[in-house]
2 protein chains.
Amino acid sequence: MDKKSVAAPDFAAPLGTTNRSLPEQICDHIRELIIDGTLEAGTWLRERDLAQRLNVSRIPVREALPVLEAEGFVRMVPRRGAMVTTLTLREAENLYDIRESLEVLAARLAARQARHSPPVALLECLERGRAAAEAGDRHGVEAANAAFHGEILKLSDNPLLQSIMKPIKGRVRWLFHLLPSRDPHSQLLKHQELCDAIASGNPDLAAAVAYAQIVRTRESSLAVLRTLLPES
Amino acid sequence: MDKKSVAAPDFAAPLGTTNRSLPEQICDHIRELIIDGTLEAGTWLRERDLAQRLNVSRIPVREALPVLEAEGFVRMVPRRGAMVTTLTLREAENLYDIRESLEVLAARLAARQARHSPPVALLECLERGRAAAEAGDRHGVEAANAAFHGEILKLSDNPLLQSIMKPIKGRVRWLFHLLPSRDPHSQLLKHQELCDAIASGNPDLAAAVAYAQIVRTRESSLAVLRTLLPES
DNA sequence: GGTCGGCAGACTGTATACCAATGTTCCCCC
DNA sequence: GGGGGAACATTGGTATACAGTCTGCCGACC
């Protein structure tokens with residue numbers, strides 16, 4: 001197997017002077033590099049190397065890598081380092097199994113909450129997505145979609161669910177980056193339908209809609225992924 | 001608020017010379033101390049203090065604490081340290097929401113797998129629990145119960161689900177430590193029923209049984225917890 | 001008497017240097 | 001060409017140092 005070293009280019013350390021902790025920034029940075037494909041599967045991440053490139057010491061890097069391992073982006077091998085994992089078809093299926101459970105739960109809880117306070121933020125995301133779609137702004141559409149799902153989660157008002165969904169969302173994004181980008185219009189229709197179901201305040205309806213949508217996405221995505229990913 | 005410092009006694013560092021990594025051992029050790037109540041809610045965990053007591057340096061402690069935060073056992077405050085969290089009624093409800101989704105999923109997947117290979121390990125756990133119950137070995141019963149749920153998870157054959165359930169299981173144990181211990185006999189009956197449903201190879205049946213059982217447990221547990229835990 | 005400001009202490013966040021254990025590579029020798 | 005072993009690379013873990021910041025307290029001033 002061809003063991004690549006960590007990619008040389010585009011590693012400039014943008015770690016701005018925010019108030020977020022260094023390990024967190026490092027973690028986010030590496031995660032983005034993996035999701036957008038800059039760091040390919042099989043790449044070894046050496047902590048001293050990363051520390052040097054990012055202009056930090058080993059300690060924050062050492063704290064960032066286990067997080068990425070917990071999220072499934074890298075696999076840590078004792079005394080070897082962290083390797084960017086290969087997404088397999090099996091993992092994609094496992095991921096959809098989880099989503100079918102948890103996103104349905106999120107929709108159900110969101111609908112329950114929506115009875116008390118109407119989901120204005122949800123409608124806002126929808127509108128933002130529509131505007132971006134009409135402007136042909138693919139990036140804006142994706143951002144609005146992510147915000148939409150984030151709002152459902154926030155609406156569900158279950159911090160534990162939110163913390164569990166965080167790694168899931170990262171992996172879903174990773175998967176979707178491998179797929180040809182989907183039609184923004186049908187995406188919007190789906191979100192509109194889900195939004196309506198949640199806004200109706202009927203948990204069972206919202207759950208059913210969310211479930212049906214994920215199953216549909218699952219089938220079409222896996223059909224494509226079967227041609228792209230290794231079995232396991 | 002009365003800010004307790006880290007408890008002085010029973011902190012002897014038993015960290016054996018296993019091959020498991022130091023942060024992992026530290027994490028497990030502190031988690032047990034929290035679950036069994038040695039470390040009360042509100043206790044501040046100071047990393048230098050912990051490091052000294054456990055006879056390790058600060059670095060492995062620093063890597064263990066974020067894990068415990070992700071699992072919900074402590075809350076880290078920047079530049080203050082980690083505080084043992086207070087379990088609230090809200091969190092208990094959130095936890096049951098998640099379990100209703102994920103344990104049902106686990107049962108469903110396990111039943112699907114059981115069609116190909118009969119769940120002998122599951123039956124074994126059941127038998128072990130029965131033996132422990134007849135011997136009046138409460139600790140053995142609990143261990144067998146934990147093993148039973150672990151086997152379902154293993155049977156479900158979804159590594160992502162297993163990794164997600166890990167923190168959940170810890171919190172469930174934490175919760176159950178607050179409750180008066182349940183009747184081993186009715187526990188066994190429930191597990192027998194769930195085991196049969198899984199062994200039947202019918203995913204929908206297994207899911208329905210698991211769901212019904214969790215809902216039942218939820219109601220009785222929360223009734224007790226309402227008298228024990230703060231609202232939020 | 002109450003409130004504001006500053007001082008001291010405590011603790012984390014991060015950096016640096018170091019050693020030990022272990023896995024890898026590659027060269028030399030047979 | 002293949003096996004053995006030495007040199008190297010890399011992590012796991014420790015010790016130490018220093019800066020930033022938060023807390024709590026004490027005193028001064030209104």
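We name chains A, B, ... by the order of the sequence lines, and we start the count at 1 in each one.
Regarding B:L45, its CG atom lies at a distance of 19 Å from the P atom of C:dA10, rounded to whole Å. In this structure, CE of A:M76 is placed 15 Å from P of D:dT10, rounded to the nearest angstrom. Counting to the nearest Å, the C1' atom of C:dA15 and the CG atom of A:L54 are 15 Å from each other. The separation between A:M83 atom CE and D:dT10 atom C1' is 16 Å, rounded to whole Å. When rounded to the nearest whole Å, the span between CD1 of A:I26 and P of C:dT14 equals 8 Å. Taking atom CD of residue B:E47 and atom P of nucleotide C:dT14, one finds them 11 Å apart after rounding to whole Å. Distance, A:R46 CZ to C:dT22 P: 21 Å, rounded to whole Å. Separating the CG atom of A:D49 from the C1' atom of D:dA9 is a distance of 12 Å, rounded to the nearest angstrom.
B:L161 is listed as a side-chain neighbour of B:L102, based on a closest heavy-atom distance under 4.5 Å. Between A:H29 and A:L54 the shortest side-chain heavy-atom distance falls below 4.5 Å. Counting only heavy atoms from C-beta outward, the side chains of B:D97 and B:R218 approach each other to under 4.5 Å. Contact check for B:V172 versus B:H149: no side-chain heavy atoms found under the 4.5 Å cut-off.
In this view, B:S163 and B:L160 satisfy the side-chain contact (heavy atoms from CB on, under 4.5 Å) rule, not counting sequence neighbours.
Evaluated for a salt bridge (Lys or Arg N to Asp or Glu O under 4.0 Å) with B:E71, the options B:R31, B:R171, B:K166 yield exactly one hit, B:R31.
Shown here for A:E103 and A:A210, the closest heavy-atom pair between the two residues is O-CB, 4.3 Å.
In this model, a donor atom of one side chain and an acceptor atom of the other lie less than 3.5 Å apart for A:T38 and A:D36.
For the segment residues 61-71 of chain B, residues with any heavy atom less than 4.0 angstrom from an atom of DNA chain C are, sorted by number, B:R62.
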Could you write out each protein N or O paired with an N or O of nucleotides 16-21 of chain C at a distance under 3.5 Å?
{"unit_1": "C:dC18", "atom_1": "N4", "unit_2": "A:R48", "atom_2": "NH2", "d": "3.4"}

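The CD atom of B:E63 lies 8.0 Å from the OG atom of B:S21; values are rounded to the nearest 0.5 Å.
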